[in-house]
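Comments concern the structure below.
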Amino acid sequence: MATSEEGLIELCHGNGGWLMHELIEDIIRPALANPMLDTQLDAAKLPALEGLPVITTDGFTVQPLEFPGGDIGSLAVHGTINDLAVSGAVPLYLTLNLFIEEGFEISRLARLIKSLGQAADSTGVVVVAGDTKVLPRGQCGGIYLATTGIGTLAPGTNLGMGFVQPGDKVLVSGPIGDHGTAVMLAREQFGLSGTLLSDSASVLPLTLALQGLDGIRFMRDPTRGGLATVAYELCRATGLGINLWQEAIPVSDQVRGVCDLLGYDPYYLACEGRVMAIVSMSDAPSALKRWQALPAGSHAAIVGEIQSNHSRVVLTTDYGGERILEELEDDPLPRIC
C-alpha cells in the first residue's frame with residue numbers, strides 16, 4: 001500500500017483521492033469483506049426484509065481505544081446490534097462511519113477494523129455501507145466510530161416501558177459493571193491494574209432465548225449509567241417504583257473491590273454485554289431458567305420487583321436496610337463507549 005513514510009493517517013487520506021481509495025481498498029474493505037459491500041456505490045441495495053424493519057444509530061468514543069476484553073471496533077458492533085436485540089429484533093445490517101484523526105497509526109487502524117469485521121462476522125451481521133473522514137490533529141481522540149443498525153422485528157413482538165406492571169420482576173443476565181471497571185483499569189489513572197475483562201459481547205442469544213414468553217415486558221442493555229439509570233428511566237416513564245435486592249445482584253469480586261477502593265457504585269457502571277429485563281411474576285422463573293442455560297447467562301438472577309407504592313429506585317441492602325439510589329447527575333466515568 002502506498003502511503004505516508006511514517007505509516008500515519010494524513011489529511012489527504014480523506015480527500016477522495018488515490019490515498020483514500022487505497023486506504024479503503026487495502027485496509028477497510030478486506031476486513032469487512034462481504035458480497036454486499038460495494039465501495040463503488042453511494043448507497044447499498046438491500047433485499048426485501050421479512051418482518052417489520054427496525055433501525056438504530058450509535059456513536060463510539062471510548063478511551064482507551066483498546067481495553068481488556070475488546071476495543072472500539074468490536075464495541076461498535078456489539079453496542080449497535082445489542083440495541084436492536086433488546087428491542088426484540090434480529091440484527092442484519094450495519095453502516096459504518098470512520099472519523100480518523102490526522103497522525104493516527106495506519107497499522108492500528110487496520111487492527112481495529114479487523115476486530116470490527118470479526119465481531120460482525122461472528123454475530124451474523126453485514127456491514128453494507130460506510131464513509132471515511134479525516135480530522136485535523138487535536139480534533140478527535142484518535143478515532144471515532146458512528147454506526148447505523150438495521151434489523152427486523154417478528155410480528156406480534158411488543159416490548160416497551162408502557163407494558164410494565166406492579167409485581168413484575170427485574171432480571172439481569174450476568175454480573176454488572178464489568179465494562180466500566182475494565183475501561184477504568186485500562187486507563188491506569190488510579191495506579192490500579194487487574195485481569196478483569198469487559199463484558200462487551202452480543203446479547204442476541206440472550207434476547208432470542210426469551211422469545212415466546214408472553215410475560216416479557218421490556219429489555220434494555222444497561223450501558224451508560226448502568227443498572228440504576230435504566231431503573232430510573234423506567235420509574236419516570238411508568239410512575240412506578242423499583243425495589244432492587246443487593247444480595248441478589250451479581251457483581252464480580254474485582255468490580256466490588258475497585259468500587260470499594262475508589263468510592264464508585266457498581267449500580268451506575270456500564271455493561272456492554274448484559275441485559276436487564278422486566279418479566280411478569282409468572283414467567284420470571286422460566287426466563288431465568290432459559291438464561292441460566294446459556295454460557296452468557298450462567299450468572300443471571302432475579303434482582304428486584306416493580307412496586308406501585310412509590311416511584312423511586314430503592315435498594316434493600318445486605319443488612320436488611322433500605323437506601324434510595326439517587327438518579328445519576330455527574331458522569332462517574334466518561335467515554336466508556
Side-chain angles (χ1 to χ4, degrees), residues 1-44 57-81 93-123 125-149 179 182-183 186-189 197-198 200 272 334-337:
M1 174 181 177
T3 186
S4 62
E5 293 182 3
E6 297 85 1
L8 304 177
I9 292 293
E10 300 177 2
L11 287 175
C12 53
H13 280 102
N15 68 5
W18 66 272
L19 275 177
M20 181 174 179
H21 174 78
E22 287 199 346
L23 181 71
I24 293 172
E25 293 300 319
D26 294 351
I27 298 293
I28 299 172
R29 194 174 190 279
L32 307 177
N34 66 77
M36 296 185 65
L37 181 60
D38 190 340
T39 57
Q40 297 180 348
L41 297 177
D42 286 337
T57 189
D58 212 337
F60 300 88
T61 65
V62 65
Q63 285 291 340
L65 300 175
E66 297 169 280
F67 46 84
D71 54 56
I72 194 171
S74 58
L75 180 65
V77 173
H78 296 148
T80 308
I81 66 174
Y93 305 113
L94 293 177
T95 70
L96 172 66
N97 283 2
L98 299 168
F99 300 90
I100 314 169
E101 185 174 354
E102 177 189 11
F104 195 75
E105 302 94 334
I106 292 176
S107 60
R108 194 178 192 191
L109 173 65
R111 186 165 68 246
L112 294 173
I113 299 302
K114 181 180 180 181
S115 174
L116 188 151
Q118 290 173 337
D121 185 62
S122 66
T123 52
V125 296
V126 178
V127 179
V128 294
D131 187 45
T132 302
K133 294 291 188 295
V134 178
L135 291 83
R137 293 177 187 268
Q139 293 189 15
C140 180
I143 184 172
Y144 295 156
L145 303 180
T147 56
T148 296
H179 176 73
V183 170
R187 292 176 182 173
E188 300 180 349
Q189 64 190 102
L197 301 180
S198 165
S200 179
E272 288 290 347
R335 301 205 39 197
I336 45 78
C337 61

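Fair warning: this is a prediction, and the values are worked out from it, not measured in the lab.
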In short, Gly79 meets Glu272 closest at the heavy-atom pair CA-OE1, 4.2 Å

Heavy atoms of Gly103 and Leu8 approach each other most closely as O-CD2, 3.4 Å

Here the gap from Ile27 atom CD1 to Lys114 atom NZ, rounded to the nearest 0.5 Å, amounts to 11.5 Å

In this structure, CZ of Arg137 is separated from CD1 of Ile9 (nearest 0.5 Å) by 11.0 Å

inquiry  = For a 4.5 angstrom cut-off between non-hydrogen side-chain atoms, does Val183 reach Ser198?
reply    = no

Taken to the nearest 0.5 Å, the spacing of Ile72 CD1 from Glu66 CD works out to 10.0 Å

### Task
Could you check if a side-chain atom of Arg108 sits within less than 4.5 angstrom of a side-chain atom of Ile143, using non-hydrogen atoms only?
no

Side chain to side chain contact (heavy atoms under 4.5 Å, CB included) with Leu75: of Leu116, Val62, Asp58, only one passes, and it is Val62

#### Entry: Any side-chain heavy-atom pair of Val125 and Thr80 under 4.5 Å
no

Notebook entry, point to check: Are any non-hydrogen side-chain atoms of Val134 and Phe104 less than 4.5 angstrom apart?
Noted result: no

Side-chain touch Val77/Val127, heavy atoms, less than 4.5 angstrom: no

Distance col, row Thr132:OG1 vs Leu23:CG, nearest 0.5 angstrom, shows 6.0 Å

Next on the checklist: Taking the side chain as everything from C-beta on, heavy atoms only, tell me whether Pro64 gets closer than 4.5 Å to Arg187.
Outcome noted: yes

Hey, does the side chain of Asn34 reach the backbone of Leu32 with a donor-acceptor pair shorter than 3.5 angstrom?
yes

Nearest heavy-atom approach of Leu145 to Ala76 is CD1-CB, 3.8 Å

Rounding to 0.5 Å, atoms NE2 (His78) and OG1 (Thr147) come to a distance of 12.5 Å

- prompt: Can a salt bridge be assigned to the pair Arg111 and Glu105 using a cut-off of 4.0 Å between side-chain N and carboxylate O?
  reply: no

Value for CD1 (Ile100) from CD1 (Ile28), rounded to nearest 0.5 Å, stands at 5.5 Å

Does Thr57 reach the main-chain N or O of Gly149 with its side chain, forming a donor-acceptor pair under 3.5 Å?
no

Problem - Side-chain touch Phe99/Gln139, heavy atoms, less than 4.5 angstrom - result: no

